[in-house]
Every structure is written in structure tokens, then in C-alpha cells.
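Take a look at the structure set out below.
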Amino acid sequence: INNLLTDGNWHFAMKKQQLSQLANDTPINEWKYKYLLPVDLLKHRSIWTSAQAGILTNNQFEIFGLRHLYSNYTALWADYIYRLDESYWPYFFIEFVIGALASELVTPMSGDPNLLQLLKQEAFGSPAENGQGGLYAKAAKQDAAQNPPESLRLDYLTSSRFSLGG
């Protein structure tokens, strides 16, 4: 299940949380600060230097091990995928999980490799779709439709390009 959750950027399974700085734990590399990643994090999606809207994502960090992030920023927030209780899964994700699990269990239970291929294609699409088709694509589309698109965030380079008189 964790693999199915981390294979996509499921909005229903996303949290935003300020990271805890480990003040008494000096980083052992070039970074100034060490942070503890959330215990329930399966995959980080974005790291931010503020909780305010319109802030650019931060890519000036490194993650070592499973639980520590290093950066030169004094405060950080993370958008991340976590494993929420199954009772909160939306119907489209449940259908995808059922299809994916059926494809994993069919060969040990039936011994029929043709059925395996059929169920895998139903869950993940054809080989040409590289695991992004089938029930996965349907679920991802429904998940995305429930959220507004991320607004275009301008950085200094693009904003100066389009500024007047500059």
C-alpha cells in the first residue's frame, strides 16, 4: 500500500507541516541546520521556507537517512504524502488498490500468468503507459479534479523579464 501511495502525488494523502529543527544536534556537513522529518512521512513532495501562500519551493536541502533533512534555512515546512487510515480513502483510490492487489495475488492463487497480465493492465495500463494508465490513471485524474491547479509561481528571473522599464 505504501508503494501505491508514493507512486503518485495523491492530494487526499498529503499534509503540510513545519519541520522540527534539532537545535542541539550539529550537522556533520556543510549545512547549518538539521531537521527531523515527520514520523508519518512516506514521500516528501515540496519543501518551503514559509507557510505563506506564493512562496517558491526550496530545493536547497539534503535528506540523509530516513528521518533527517539538512538546510541553511532557519525554518522549513514540508508538503508530504502520508499513510492515512483506510476509512478515509476516497472511492477511486480504493478501486485502484483493489485492482493493484488483485494483480499481485492472482499468480500465487491461480498460477495463471495470462490472468496476471490482464489484471496488471487493468490496474496500471499497457506497457506503453509505463504504469500510469488503467485504474491508476482514472484515480489520479479524479484526485486531481478535486483540487485546483497550483498557481504559477513567479521567481525573480521571470518577474524581472516581464517587468516594465527594467
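Side chains are part of it too, since the values below use all heavy atoms of this structure and drop only hydrogens, waters and symmetry mates.
Between the CZ atom in Arg83 and the OG1 atom in Thr6 there is a gap of 11.0 Å [rounded to 0.5 Å]. Rounded to the nearest 0.5 Å, atoms CG (Leu84) and CD (Glu86) are 8.0 Å apart. Ile98 contributes atom CD1, which lies 12.5 Å from atom OG of Ser103 (distance to the nearest 0.5 angstrom). One distance of note links CG of Leu119 with CG of Leu105; it measures 10.0 Å at 0.5 Å rounding. Here the CE atom belonging to Met14 is positioned 5.0 Å from the CD1 atom belonging to Ile81, to the nearest 0.5 angstrom. For the atom pair OG1 of Thr74 and NZ of Lys32, the computed distance is 9.5 Å after rounding to the nearest 0.5 Å.
The aromatic ring centroids of Phe93 and Trp10 lie less than 6.0 Å from each other. Here Tyr33 and Tyr70 keep their ring centres 6.0 angstrom or further from each other. Aromatic rings of Trp48 and Phe61 (six-membered ring for Trp) have centroids beyond the 6.0 Å cut-off, not under it.
Contact record, Pro27 with Lys34: CG-N, 3.9 Å, taken as the closest heavy-atom pair. Residues Leu135 and Gly99 come closest through the heavy atom pair CD1-CA, 4.0 Å.
Under a cut-off of 6.0 angstrom, the local environment of CG in Asn24 is sparse, with at most 12 non-hydrogen atoms contributed by other residues, nucleotides or ligands. Atom CD of Gln132 has more than 12 heavy atoms from other residues, nucleotides or ligands within 6.0 Å.
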Could you go through His68 and Ile63, starting from their C-alpha distance and side-chain angles, then the distance that decides it, and tell me whether this counts as side chain to side chain contact (heavy atoms under 4.5 Å, CB included)? CA-CA 6 Å; His68 296 111; Ile63 295 176; over 6 Å; no

Apply the test ring pair (Phe, Tyr, Trp, His ring centres under 6.0 Å) to residues Phe96 and Phe124: give CA-CA distance (whole Å), side-chain angles for both, the deciding distance (0.1 Å), then the verdict. CA-CA 9 Å; Phe96 166 57; Phe124 299 102; 5.6 Å; yes

Give the C-alpha distance, both sets of side-chain angles, the deciding distance and a yes or no for side chain to side chain contact (heavy atoms under 4.5 Å, CB included) between Trp77 and Ile47. CA-CA 6 Å; Trp77 285 257; Ile47 302 296; over 6 Å; no

When you look at Lys138 and Glu95, which way does the side chain to side chain contact (heavy atoms under 4.5 Å, CB included) test go after all the steps? CA-CA 10 Å; Lys138 182 179 174 184; Glu95 289 177 5; 3.9 Å; yes

Given the rule in the side chain to side chain contact (heavy atoms under 4.5 Å, CB included) test, do Ile1 and Trp89 qualify, once you have shown the distances and angles that lead to the verdict? CA-CA 12 Å; Ile1 300 299; Trp89 290 356; 3.6 Å; yes

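Residue Leu4 is grouped with residue Tyr88 when hydrophobic side chains (ILVMFWY) are merged at heavy-atom distances under 4.5 angstrom, including chains of intermediate members. Under a hydrophobic clustering in which Ile, Leu, Val, Met, Phe, Trp and Tyr are joined whenever their side-chain heavy atoms come within less than 4.5 Å, directly or via other members, Leu5 and Ile94 fall into the same cluster. Taken together through direct or relayed side-chain contacts under 4.5 Å among Ile, Leu, Val, Met, Phe, Trp and Tyr, Val106 and Leu118 form part of one hydrophobic cluster. Both Phe92 and Leu101 belong to a single network of hydrophobic side chains, linked directly or stepwise wherever heavy atoms of I, L, V, M, F, W or Y lie under 4.5 Å apart. Under a hydrophobic-cluster definition in which Ile, Leu, Val, Met, Phe, Trp and Tyr are linked whenever side-chain heavy atoms come within less than 4.5 Å, directly or via other members, Tyr91 and Tyr136 are assigned to the same cluster.
Checking side-chain atoms of Tyr35 against main-chain N and O of Ala75 turns up a donor-acceptor pair under 3.5 Å. Under a 3.5 Å cut-off, the side chain of Ser126 and the backbone N or O of Gln121 do not form any donor-acceptor pair.
The salt bridge (charged side-chain N to carboxylate O under 4.0 Å, His left out) contacts involving residues 6-21 comprise Lys15-Asp40, Lys16-Asp79, where partners must be two or more places apart or lie in separate chains.
No option in Leu56, Asn9, Thr57 other than Thr57 meets the side chain to side chain contact (heavy atoms under 4.5 Å, CB included) test with Ser46. Of the residues listed (Lys43, Gln17, Arg45), the one engaging Tyr80 in a side-chain hydrogen bond (donor to acceptor under 3.5 Å, both in side chains) is Gln17, and it is the only one. Considering Leu22, Leu76, Leu41 in turn, Leu76 is the only one that fulfils the side chain to side chain contact (heavy atoms under 4.5 Å, CB included) rule with Leu69.
Glu122 meets the salt bridge (charged side-chain N to carboxylate O under 4.0 Å, His left out) test with no other residue; sequence neighbours excluded.
For the residue pair Trp31 and Glu62, a side-chain donor N or O sits within less than 3.5 Å of a side-chain acceptor on the partner.
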